[in-house]
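The structure under discussion appears below in the form of structure tokens.
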2 protein chains.
Amino acid sequence: MAGIKEIAKRTGLSLATVSRVFNNSALVSPTTRQKVLKAAKDLDYQPNITAAALRSGKSKIIGVIVPEVNNYFFSGIINGIEGIVSESDYNIIIAQSHESQKKENEALNSFLKLNVEGILLSISKQTTDFSSIKKILKSKTPIVFFDRIPNLDSVNSVTLNDYMGAFMATEHLLERNCKNLVHIAGDPNVSIFNDRHKGFSNAILKSEQIGVTATSIELTTDVKKDMKILKTLFKSNPNVDGIFAYGDEVGLHVLNLLKDLKVNVPEKIKLIGFGNANFSNLTQPKISTVDQECSQMGELAAELLLQNLNNKNAKPQTKVLSPKLIKRASTQV
Amino acid sequence: MAGIKEIAKRTGLSLATVSRVFNNSALVSPTTRQKVLKAAKDLDYQPNITAAALRSGKSKIIGVIVPEVNNYFFSGIINGIEGIVSESDYNIIIAQSHESQKKENEALNSFLKLNVEGILLSISKQTTDFSSIKKILKSKTPIVFFDRIPNLDSVNSVTLNDYMGAFMATEHLLERNCKNLVHIAGDPNVSIFNDRHKGFSNAILKSEQIGVTATSIELTTDVKKDMKILKTLFKSNPNVDGIFAYGDEVGLHVLNLLKDLKVNVPEKIKLIGFGNANFSNLTQPKISTVDQECSQMGELAAELLLQNLNNKNAKPQTKVLSPKLIKRASTQV
DNA sequence: TTGTATGCGTTATCAA
DNA sequence: TTGATAACGCATACAA
């Protein structure tokens with residue numbers, strides 16, 4: 001593992017010239033370039049990124065923060081990011097906020113200490129204080145938000161049109177002739193869950209079908225308690241024939257609950273989730289859902305960041321992806 | 001965001017003294033230490049890790065390579081690692097091999113370029129050439145292998161006793177009075193899958209029950225094809241009453257296949273998987289399985305690496321975790 | 001206990 | 001087109 005010093009010695013050139021070769025400077029003759037490249041190969045040259053980072057101020061590191069890695073959605077995004085970044089000469093470093101504002105801030109801080117050149121961030125559910133984020137924005141370190149974005153002006157973001165996804169899911173239930181719909185809603189403080197709720201409500205408003213009823217129920221985080229609540233709901237309300245769950249996991253819980261209650265899906269009640277989780281395709285019946293295009297989201301976010309890295313004056317961009325309805329057995333006629 | 005230079009100026013001390021404070025040198029008086037710490041707070045001191053890394057040769061970065069992040073097992077391990085490392089002053093950087101030897105080597109290479117101080121690695125299924133790994137070992141960069149380990153002497157490793165897990169799972173089926181067992185086996189080139197196979201075979205050998213038959217079938221990676229093969233197997237072999245699948249995911253596929261074939265689980269056939277995947281608890285019936293203690297594995301691996309970081313002459317250690325049998329409805333009597 | 005001076009490996013400025 | 005040299009921010013050997 002040699003550095004440019006050894007190459008300089010071997011070729012008889014100066015450090016400066018050798019360095020220029022690896023920085024693709026045009027100011028070097030083809031012959032010397034060849035000489036250097038050959039020596040580099042012979043000596044197994046490995047650039048010392050740390051030294052380059054110190055001198056140039058460019059660490060070649062992109063920091064990524066997600067709430068949880070152990071989540072099909074976020075790990076799909078990470079794969080998307082990786083796909084794009086690996087084609088550049090940047091490295092990525094991944095941190096998890098575990099939905100905690102404190103850990104998110106800690107991660108942002110260690111990113112700054114590591115001199116990351118850019119940041120990709122999906123904020124935690126808990127994040128309501130944007131001061132750390134504002135600090136980053138002020139520091140001019142390029143940052144792109146994805147999926148869960150802060151309510152701030154002039155920031156780069158890539159999101160899914162959650163409203164549209166929920167709208168499509170609800171419309172799908174209506175098309176399947178469901179008349180008494182229930183939306184199992186997520187924490188409304190998280191913008192995307194709120195959007196899904198809105199999509200549900202508006203789909204029903206805009207469909208001009210008569211005799212349609214709509215109920216929304218917001219869950220806690222205690223699955224057992226939640227299932228009890230839902231059990232009561234279904235028992236006291238036997239006409240329910242369509243359910244839109246804000247996520248596939250809760251959808252699966254509901255599916256199991258309905259089996260326990262001997263309610264057939266999709267014959268009696270049709271069920272649709274959100275997210276296209278890996279297991280949604282493995283249940284019986286398979287759960288209809290909305291695909292979040294996570295890989296594409298990661299790719300777009302990474303591309304946007306790379307653009308900003310190349311051009312510090314790039315204007316903030318807002319990209320919104322369209323979700324895709326996935327019809328499966330749980331909403332079959 | 002100030003550096004030690006600003007603090008030196010503010011306090012009237014030299015750079016060296018300020019530096020010593022942050023390196024916990026004993027050679028500094030309590031009063032000056034206080035002065036420096038106060039100035040650090042006032043000026044929002046952020047150490048430049050890059051510069052420190054260059055100077056000291058210590059990057060404070062630990063590199064982690066897993067086959068896939070999007071996997072309950074490996075992300076559980078990552079959480080375990082994170083839990084331990086976050087209490088130290090190290091940072092972790094995560095890379096995925098996507099089960100490719102080439103990508104694994106690339107990751108190792110960029111780790112070296114980034115001057116990581118230590119490496120945590122679970123090798124890819126494809127990795128048969130250990131030359132890159134040997135290069136790391138020779139470079140004296142501490143490395144700890146976990147779960148999927150190379151067949152090399154004198155290396156640090158943390159693994160699960162897969163043999164024992166499979167043994168326990170098979171024993172459990174025998175206790176439940178299964179007489180005609182099938183093991184659905186993974187790629188035998190992957191040591192842990194091979195161990196599970198051995199555990200299955202030996203459990204049957206050692207149980208001295210009479211009239212027990214055992215079949216093993218190795219799957220491809222094409223799920224559809226695999227299910228056809230299994231369908232044929234079950235049809236031509238209607239006496240099968242116990243299945244041990246090498247993983248929960250394939251277990252779930254089998255469960256669904258059996259439902260299609262109108263074969264009741266657990267009444268007619270008992271089924272046990274391996275891994276305690278998140279969804280194994282959400283199926284109907286819930287799938288019995290073997291827990292891999294992933295979080296603990298991550299913790300132990302990280303602790304072992306930190307030990308090696310503190311003591312470069314530490315002797316290689318081999319830690320083997322005991323799996324835990326989880327009995328659920330799919331093997332109920 | 002504190003300060004001075006040097007160098008980590010690279011990039012960038014200036015001169016040749 | 002190339003070379004000599006300073007500088008990036010910090011840690012450390014040595015001097016005081």
Side-chain angles (χ1 to χ4, degrees), chain A residues 1-37 39-40 43-61 89-91 110 112-117 139, chain B residues 1-37 39-40 43-61 89 91 109-117 139 141:
Chain A
M1 219 182 59
I4 59 172
K5 201 187 275 183
E6 284 83 353
I7 296 183
K9 202 179 289 175
R10 162 82 79 110
T11 56
L13 292 160
S14 72
L15 286 177
T17 307
V18 176
S19 172
R20 276 192 277 260
V21 170
F22 297 116
N23 288 287
N24 295 315
S25 166
L27 307 161
V28 53
S29 79
T31 33
T32 46
R33 159 163 282 129
Q34 287 314 315
K35 240 195 289 184
V36 169
L37 260 25
L43 297 170
D44 185 25
Y45 167 64
Q46 297 286 5
N48 184 322
I49 297 187
T50 311
L54 177 60
R55 178 60 237 237
S56 67
K58 296 187 187 301
S59 63
K60 292 293 158 194
I61 298 178
D89 56 345
Y90 284 90
N91 301 92
S110 57
L112 288 183
K113 285 191 286 194
L114 285 169
N115 278 319
V116 298
E117 285 188 61
S139 80
Chain B
M1 218 181 60
I4 60 171
K5 201 188 275 179
E6 284 83 352
I7 296 182
K9 202 180 288 174
R10 163 82 79 111
T11 56
L13 292 160
S14 73
L15 287 176
T17 307
V18 176
S19 172
R20 275 192 277 260
V21 170
F22 297 115
N23 288 289
N24 296 315
S25 166
L27 306 161
V28 53
S29 79
T31 34
T32 45
R33 159 162 282 130
Q34 288 314 316
K35 238 195 293 185
V36 169
L37 259 26
L43 297 171
D44 185 25
Y45 166 64
Q46 297 287 5
N48 185 323
I49 297 186
T50 311
L54 178 59
R55 173 63 234 244
S56 65
K58 297 185 187 302
S59 62
K60 292 294 157 193
I61 298 178
D89 56 345
N91 300 93
N109 241 305
S110 58
F111 281 2
L112 288 183
K113 285 192 286 196
L114 286 168
N115 278 316
V116 299
E117 285 188 60
S139 80
T141 305

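Proteins come first, then strands; the chains are lettered A, B, ... in the order of their sequence lines, and each starts at number 1.
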Between C1' of dT10(C) and CG of D89(A), the distance in whole Å: 15 Å
Under 4.0 angstrom between N23(A) side-chain N/O and dT11(C) OP1 or OP2: yes
Q46(A) CD to dT10(C) C1', straight-line distance once rounded to whole Å: 15 Å
Note, F111(B) side chain near N91(A) side chain (heavy atom, < 4.5 Å): no
Heavy-atom side-chain contact between N115(B) and I49(A) under 4.5 Å: no
side-chain N/O S56(A) vs dT11(C) OP1/OP2, d < 4.0 Å: no
L37(B) side chain reached by Y45(B) side chain, heavy atoms, under 4.5 Å: no
Rounded distance in Å - CZ (R33(A)) to C1' (dT1(D)): 12 Å
Whole-Å gap separating P (dG9(C)) and CG (N115(B)): 9 Å
Length of the line joining K5(B):NZ and dG3(C):C1', which is rounded to integer Å: 17 Å
d(CD, E6(A); P, dG9(C)) in whole Å: 8 Å
N/O (side chain, S19(A)) to phosphate O (OP1/OP2, dT11(C)) under 4.0 Å: yes
hbond_proxy R20(A) side chain to dG3(D) base (donor-acceptor, 3.5 Å cutoff): yes
Check: I61(B) and L114(A) side chains under 4.5 Å, non-hydrogen atoms: yes
Length of the CG-P vector between N48(B) and dA7(D), whole Å: 18 Å
Candidates dT11(C), dT2(D), dG9(C) - which lies nearest the side chain of I4(A): dT11(C)
Sugar-phosphate, base or nothing in reach of A16(A), heavy atoms under 4.0 Å: base
Sugar-phosphate, base or nothing in reach of L15(B), heavy atoms under 4.0 Å: nothing
Short side-chain N/O contact to dT2(C) OP1/OP2 from S29(B), under 4.0 Å: yes
Any T17(B) side-chain nitrogen or oxygen under 4.0 Å from OP1 or OP2 of dG3(C): yes
K35(A) NZ - dG3(D) C1' separation (whole Å): 14 Å
E117(B) (side chain) donor-acceptor with K60(B) (main chain) under 3.5 angstrom: yes
Test item: V116(A) and Y90(A) side chains (from C-beta on) under 4.5 Å apart, heavy atoms: no
Base of dT11(C) paired with side chain of R55(A) (donor-acceptor, under 3.5 Å): yes
Sugar-phosphate only, base, or nothing, as touched by L13(A) at under 4.0 Å among non-hydrogen atoms: sugar-phosphate
Position toward the 5' end of DNA chain C (nearest nucleotide), V28(B) or L54(B): V28(B)
Distance below 4.0 Å between T32(B) side-chain N/O and dT2(C) OP1 or OP2: yes
